[in-house]
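Everything on this sheet refers to the single structure shown next.
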Amino acid sequence: MAVEAKKNEPKIDAEEVLEGIVEWVSIESPSHDAKSVNVVVDKVEGQFRDLGLKLDRTPGRDGFGDILECRTPWGEGKGILVLAHLDTVHPIGMIERDLRVRREGDSIFGPGIYDMKAGGYIAYYALRHLIRQGKKTKLPVTFLFIPEEEVGSPTSRARIEAIAKDHKYCLVMEPGRDGDKVVTSRKGVGRFVMTVKGRASHAGVRHEDGRSAILEMAKQIVRLEAKTDYARGITINVGLVRGGTGVNVVSAECTAEIDLRVPSQQLAEEMTHWFLGLEPIGSDVEVTVSGGMNRPPYQKDAGITDLFGKAQAIYREIGKELNDVPLTGGGSDGNFTAALGLPTLDGLGADGKGAHAAYEQIYYSSLVPRTYLCTRLLETLE
Ligand SMILES: [Zn+2]
């Protein structure tokens, strides 16, 4: 059996995996704090250098940290792209408050431990484990560490897409899902801003002269939210509204920020067209809409189904069944690679719960199976 390790052969050691994860987690790295993100980039860079990988570190811009690329010196042709992000949503200091690094039963807590430092470290450990067994991957492997995924990867999207074109598979080390599942599809994400211009007037003396931008926005919001269609997988959320200048003034301006999620490219186009064509409902007001899709839908195609099948076969080697979650509304960098037709398997990180929350945690019991899965995917993909 594949799992029965021979004597003296290095084993995947849960304690060792956890120790490495905790080292990364102990360096807090909020997306907007380039300096802090780069401290963890330094750490990861050193570890991959020690494995003999070829490194390419691109200085960050727009206030974000550096992008780190690590390539195996062996292998030819199109290989495996492993994606992980080193930023977290948690502000500095969380590690001394709610997210003190600690273990309670099967759960280990820490800022960004689940989303997704555990996943990133598991990928590193997997390659190191192959190397120390004297093995190599059949395909070249590129690890790409992203500094600002949590804010939509504005400075790394182009890089991810350029690199994706030179690869055969993409493994995304984002968190595993409840019940040890992986991700094979994600909705696309759109962001729109609606601005309404009305006409200000005195609410008491010249009420009739005013054209309330807030009233128009209220009508627009009802129309927008009504477009949510769970059966078709479309959701619209008006998440932020700002308007008015005073309680006794008919409002001249109101803006709303809107989040759109769609399961397919066709719906992405259809909904974008609908948004940008929205017109006023009331009279004497102006409505403008800007925005578009910022992550394309990640649809489970034949290539993804095939890659998922390979992962399932590997999990069976250790007596486990691997399932995928139904279409999720959360986006990741996997949206970019899948939209380019690159077979992408996501959610390969540790199982746990509480992404972005003050109770974020991973499950210790998932460390060995997840590391085994990643190790064997790297080893066997061809
Ligand atoms: Zn993440």
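If you're wondering where the values come from, they're calculated on a predicted model, not measured in any experiment.
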Please determine whether side-chain hydrogen bond (donor to acceptor under 3.5 Å, both in side chains) holds for the pair Ser29 and Lys117, giving the CA-CA distance in whole Å, both sets of side-chain angles, and the decisive distance to 0.1 Å. CA-CA 10 Å; Ser29 52; Lys117 283 181 174 160; 2.7 Å; yes

Supply the atom-to-atom distance Arg232 CZ to Ile234 CD1, rounded to the nearest 0.5 angstrom. 4.0 Å

Is atom CD of Glu286 surrounded by more than 12 heavy atoms (other residues, nucleotides or ligands) closer than 6.0 Å? no

CA sep, side-chain torsions, deciding dist, call: Tyr363, Ser107, side-chain contact (heavy atoms from CB on, under 4.5 Å): CA-CA 5 Å; Tyr363 303 143; Ser107 294; 3.9 Å; yes

Would a hydrophobic clustering, with Ile, Leu, Val, Met, Phe, Trp and Tyr connected at side-chain separations under 4.5 Å, put Val196 with Ile221? yes

Counting heavy atoms not belonging to Arg206, are there more than 12 under 6.0 Å from its CZ? no

Shortest non-hydrogen pair, Gly65 vs Val37, comes out as CA-CG1, 4.3 Å

Please determine whether residues Ile314 and Val183 belong to a single hydrophobic cluster, defined as Ile, Leu, Val, Met, Phe, Trp and Tyr linked transitively by side-chain heavy-atom distances below 4.5 Å. no

Is any side-chain heavy atom of Thr88 closer than 4.5 Å to one of Glu360? no

Within the distance-only criterion (no hydrogens, no angle test), does the side chain of Tyr169 pair as donor or acceptor with the backbone N or O of Glu382 below 3.5 angstrom? yes

OG1-CG distance between Thr328 and Asp324, expressed to the nearest 0.5 angstrom: 11.5 Å

With a 4.5 Å cut-off on side-chain heavy atoms, are Leu367 and Ile362 touching? yes

Does a donor on one side chain and an acceptor on the other come within less than 3.5 Å for Glu148 and Ser156? yes

Heavy atoms of Ala338 and Ile304 approach each other most closely as CB-CD1, 4.4 Å

Between Arg128 and Glu16 (salt bridge meaning N to carboxylate O under 4.0 Å), is one present in this structure? yes

Check this for me: His356, atom NE2, are more than 12 non-hydrogen atoms of other residues, nucleotides or ligands nearer than 6.0 Å? yes

Report yes or no: does Asp180 contribute a side-chain atom to a donor-acceptor pair with the main-chain N or O of Asp351 at less than 3.5 Å? no

Please state whether the rings of Trp24 and Tyr124 are parallel, tilted or perpendicular, taking 30° and 60° as the class boundaries. tilted

Assess whether salt bridge (Lys or Arg N to Asp or Glu O under 4.0 Å) is satisfied between Arg242 and Glu257, documenting all intermediate values. CA-CA 9 Å; Arg242 269 184 305 273; Glu257 292 183 41; 3.2 Å; yes

Pair Asp209, His202: side-chain N/O donor-acceptor within cut-off below 3.5 Å: no

Say whether, by atom type as modelled, one donor and one acceptor occur between the side chain of Ser212 and the main chain of Ser251 under 3.5 angstrom. no

From Gln266, Met271, Gln265, residue fulfilling side-chain contact (heavy atoms from CB on, under 4.5 Å) relative to Glu269: Gln265

Check: Leu348 and Cys374 side chains under 4.5 Å, non-hydrogen atoms: no

Donor-acceptor contact below 3.5 Å, side chain Thr155 vs main chain Arg61: no

Can you tell me if Arg157 uses its side chain to pair, donor with acceptor, with the backbone of Asn294 under 3.5 Å? yes

Rounded at 0.5 Å granularity, tell me how far NZ in Lys353 sits from CG in Asp115. 16.0 Å

So Tyr121 and Tyr125, would you call those rings parallel, tilted or perpendicular, with 30° and 60° as cut-offs? tilted

Check: Ile92 and Ser36 side chains under 4.5 Å, non-hydrogen atoms: yes

Please say yes or no: joined through hydrophobic side-chain contacts below 4.5 Å, possibly via intermediate residues, are Leu378 and Trp74 part of one cluster? yes

Which pair of heavy atoms, one from Glu150 and one from His85, lies closest together, and at what distance? OE2-CE1, 3.2 Å

Between Asp333 and Ser153, does any side-chain donor sit less than 3.5 Å from a side-chain acceptor? yes

Check each of His129, Glu317, Lys320 against Tyr372 using the side-chain hydrogen bond (donor to acceptor under 3.5 Å, both in side chains) test, and report the only one that passes. Glu317

Rounded to the nearest 0.5 angstrom, the CG-NZ distance for Leu342 and Lys165 is 11.0 Å

Determine, for Glu149 against Arg295, whether the closest basic-nitrogen to carboxylate-oxygen distance falls under 4.0 angstrom. yes

Measuring from atom CD1 of Ile163 to atom SG of Cys170, what distance do you get when rounded to the nearest 0.5 angstrom? 10.5 Å

Below 4.5 Å, heavy atoms only, C-beta onward: do Ser185 and Gln299 meet side chain to side chain? no

Phe192 side chain reached by Leu224 side chain, heavy atoms, under 4.5 Å: no

Take Asp259 and Arg261 through the test salt bridge (Lys or Arg N to Asp or Glu O under 4.0 Å) and record every step on the way to the result. CA-CA 7 Å; Asp259 179 290; Arg261 309 276 161 150; 2.8 Å; yes

Would you indicate whether Glu15, at its atom CD, is surrounded by more than 12 heavy atoms from other residues, nucleotides or ligands within a distance under 6.0 Å? yes

Name of the residue among Leu322, Leu373, Leu307 meeting side-chain contact (heavy atoms from CB on, under 4.5 Å) with Gln312: Leu322

Within the 4.5 Å heavy-atom criterion, are Val368 and Val17 side-chain neighbours or not? no

Looking at OG1 of Thr337 and CG of Leu83, how far apart are the two atoms once the value is rounded to the nearest 0.5 Å? 6.0 Å

Whether the side chain of Gln220 engages the backbone of Glu279 through a donor-acceptor N/O pair (distance < 3.5 Å, no angle test) should be reported. yes

Can you confirm whether more than 12 heavy atoms, excluding those of Glu104, are under 6.0 Å from its CD atom? yes

Under a single-linkage definition using a 4.5 Å side-chain heavy-atom cutoff for Ile, Leu, Val, Met, Phe, Trp and Tyr, are Leu51 and Val82 assigned to the same hydrophobic cluster? yes

Does Ser365 offer a backbone N or O that forms a donor-acceptor pair with the side chain of Asp106 under 3.5 Å? yes

Check whether any side-chain N or O of Asn38 sits under 3.5 Å from a backbone N or O of Asp66 as a donor-acceptor pair, and report yes or no. yes

Between Arg186, Arg177, Lys300, which is the residue that forms a salt bridge (Lys or Arg N to Asp or Glu O under 4.0 Å) with Asp346? Arg186

How close do Gly198 and Ala213 get, counting heavy atoms only, and between which atoms? N-CB, 3.9 Å

Side-chain donor/acceptor of Glu216 to backbone N/O of Gly282, under 3.5 Å: yes

With a 4.5 Å limit on heavy-atom distance, are the side chains of Tyr315 and Asn323 in contact? no

Taking the basic N atoms (NZ, or NE/NH1/NH2) and the acidic carboxylate oxygens, is any pair closer than 4.0 Å for Asp33 and Lys35? no

Take atom NZ of Lys136 as the centre, draw a 6.0 Å sphere, and report whether it contains more than 12 heavy atoms from other residues, nucleotides or ligands. no

Is it true that Val193 and Val289 fall in one hydrophobic cluster, defined by side-chain heavy atoms closer than 4.5 Å? no

Using a 3.5 Å distance criterion without hydrogens, assess whether the side chain of Glu28 forms a donor-acceptor pair with backbone atoms of Ile95. yes

Kindly give the heavy-atom pair with the smallest separation between Val41 and Leu86, and that separation in Å. CG2-CD1, 3.9 Å

Whether over 12 other heavy atoms sit under 6.0 Å from Arg100 CZ: no

